[in-house]
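Working notes for the structure below.
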Amino acid sequence: MNTRTEVNELGEFGLIDRLTKNIEFQNASSVLGVGDDGAVIDHFGKQTVVSTDMLLEGVHFDLMYTPLKHLGYKAVVVNLSDIYAMNATPTQITLSIAVSNKFSVEALDEFYEGVYAACDKYGVDLVGGDTCTSKTGFTISITAIGEVAPDQFVLRSSARKGDLICVSGFLGGAFLGLTLLEREKHIFLDSPGVQPDLENEEYIVGRLLKPEARPDIIQFFAENDIKPTAMMDVSDGLSSDLLHIATKSNLGCVVYEDKIPIHEDAKQAAFKFGLDPTAAALSGGEDYELLFTLPQSDYDKLVLNEQISVIGYMTEPEEGCRIITKGGNQFNITAQGWNAFKEQ
Ligand code: ADP
Ligand code: MG
């Protein structure tokens with residue numbers, strides 16, 4: 001039988017204790033964790049990378065179709081992705097939550113199950129956080145901490161002219177998953193009796209609800225003596241993220257539509273929804289792949305990794321940021337890539 005325990009039955013300290021009592025550290029750098037005024041971390045001569053993100057109910061997630069366990073998992077993963085995007089290895093997180101009385105203790109247990117599943121998978125320790133009540137929605141704030149060998153961190157702003165533009169994995173899937181779930185949600189709201197039609201859509205739904213970060217790519221760099229000239233994770237969509245690297249590096253870029261990696265299942269879904277798969281990749285976002293630039297001399301090393309696609313190269317700033325379509329036409333890339341792309 002499902003029991004429901006109200007948060008105020010446990011009290012703030014009882015709740016924190018319940019949510020954190022089984023923590024076992026995985027990193028020697030985690031010296032002191034939950035239970036005092038602060039955590040203590042010793043990075044033994046490495047440099048420390050820190051990144052924070054907030055997730056708000058109704059803005060970043062919709063609890064109508066996001067299971068709490070997935071939400072906990074994703075909240076951690078998207079923060080770790082930022083650390084990997086610095087070419088660093090995440091080691092600790094702090095997690096702060098604001099919850100309304102809509103949430104039972106059991107619901108929070110479920111959320112933390114996802115949090116700990118991600119911590120285990122990526123080898124990071126939860127070392128602290130904060131808990132407070134919310135009068136509105138559920139709010140999650142995570143700070144991720146990582147380590148990097150001195151001067152191995154990679155900025156967005158240091159791409160060089162002629163560098164290859166590369167991306168890991170596949171793009172556009174998460175946006176198509178979101179499109180599907182939003183569509184099903186509206187059908188459900190209009191006629192609650194109708195069961196959602198998610199058949200054969202595991203790939204795109206998974207890309208949205210349970211994204212993964214790319215430690216394997218960072219490891220591949222280390223093993224092959226590769227240091228990208230610039231890097232970031234693809235969270236806002238390829239267009240917007242490419243523009244960040246180009247603008248911050250004071251360069252232009254050219255990418256080829258036929259080189260943009262899109263999973264077969266995502267292409268199928270796009271056709272079903274009447275959307276352009278390239279548009280989904282350009283402006284969709286939430287893919288959490290790594291976008292990076294490398295000198296052309298590293299090309300031979302790249303072919304060793306089939307998870308990496310070369311999609312274009314950096315140019316003089318005067319040339320702007322352009323995409324060459326499959327049909328050989330050229331368009332400017334704009335932050336809102338897909339509208340502009342379709343209209344021209
Ligand atoms: P303070 O009064 O100093 O803010 P708290 O009572 O909020 O301390 O927190 C006590 C301990 O529990 C601290 O180590 C804090 O980092 C940790 N903590 C609080 N909330 C959470 C949470 N939601 N998840 C993990 N750790 C938490
Ligand atoms: Mg506190």
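One-based numbering, in listed order, for ligands and for the atoms of each. Just so we're clear, the structure is a prediction, and the values are computed from it rather than from any experiment.
Residue contacts with ligand 1: Gly129 is placed with a nitrogen or oxygen under 3.5 Å of a nitrogen or oxygen of the ligand (distance criterion only). In terms of polar-atom proximity, Gly35 is counted as a contact of ligand 1, with an N or O under 3.5 Å from an N or O of the ligand. At under 3.5 Å, a nitrogen or oxygen of Asp36, whether backbone or side chain, sits near a nitrogen or oxygen of ligand 1. Between Asp130 and ligand 1, an N or O atom pair is found at a separation short of 3.5 Å.
Atoms of ligand 1 lying under 4.0 Å from at least one heavy atom of Leu95, given by number and element, are 22 (C), 23 (N), 24 (N). Interface atoms of ligand 1 facing Val34, defined by a heavy-atom separation under 4.0 Å, are 12 (O), 14 (O), 17 (C), 26 (N). The ligand atoms of ligand 1 that sit less than 4.0 angstrom from a heavy atom of Glu12 are 6 (O), 7 (O). Counting atoms of ligand 1 from 1 in the listed order, those under 4.0 Å from a heavy atom of Gly128 are 16 (O), 25 (C), 26 (N), 27 (C). Close contacts of ligand 1 with Asp37, meaning ligand atoms under 4.0 Å from a residue heavy atom, involve 3 (O).
A cation-pi geometry, defined here as NZ or CZ lying under 6.0 Å from the six-membered ring centre and within 45° of its normal, holds between Lys210 and Tyr73.
In this structure, Lys267 NZ and Phe170 CZ are separated by 8.5 Å, a value rounded to the nearest 0.5 Å. Atoms OG1 and CG, from Thr143 and Asn79 in turn, are 7.0 Å apart once rounded to the nearest 0.5 Å. To the nearest 0.5 angstrom, Leu95 atom CG is 8.5 Å from Leu19 atom CG.
Nearest heavy-atom pair, Leu171 versus Ala281, reported as atom, atom and distance to 0.1 Å: CB-CB, 3.7 Å. Contact record, Val124 with Pro90: CG1-O, 3.4 Å, taken as the closest heavy-atom pair.
Using a 4.0 Å cut-off between heavy atoms, Thr131 contacts ligand 1 through both its backbone and its side chain.
Clustering ILVMFWY residues whenever any of their side-chain heavy atoms sit less than 4.5 angstrom apart, transitively, puts Phe44 in a cluster other than the one holding Phe153.
Within the structure, the closest approach of Ile16 to ligand 1 falls below 4.0 Å when heavy atoms are considered.
Aromatic ring centres of Phe138 and Phe111 lie closer together than 6.0 Å.
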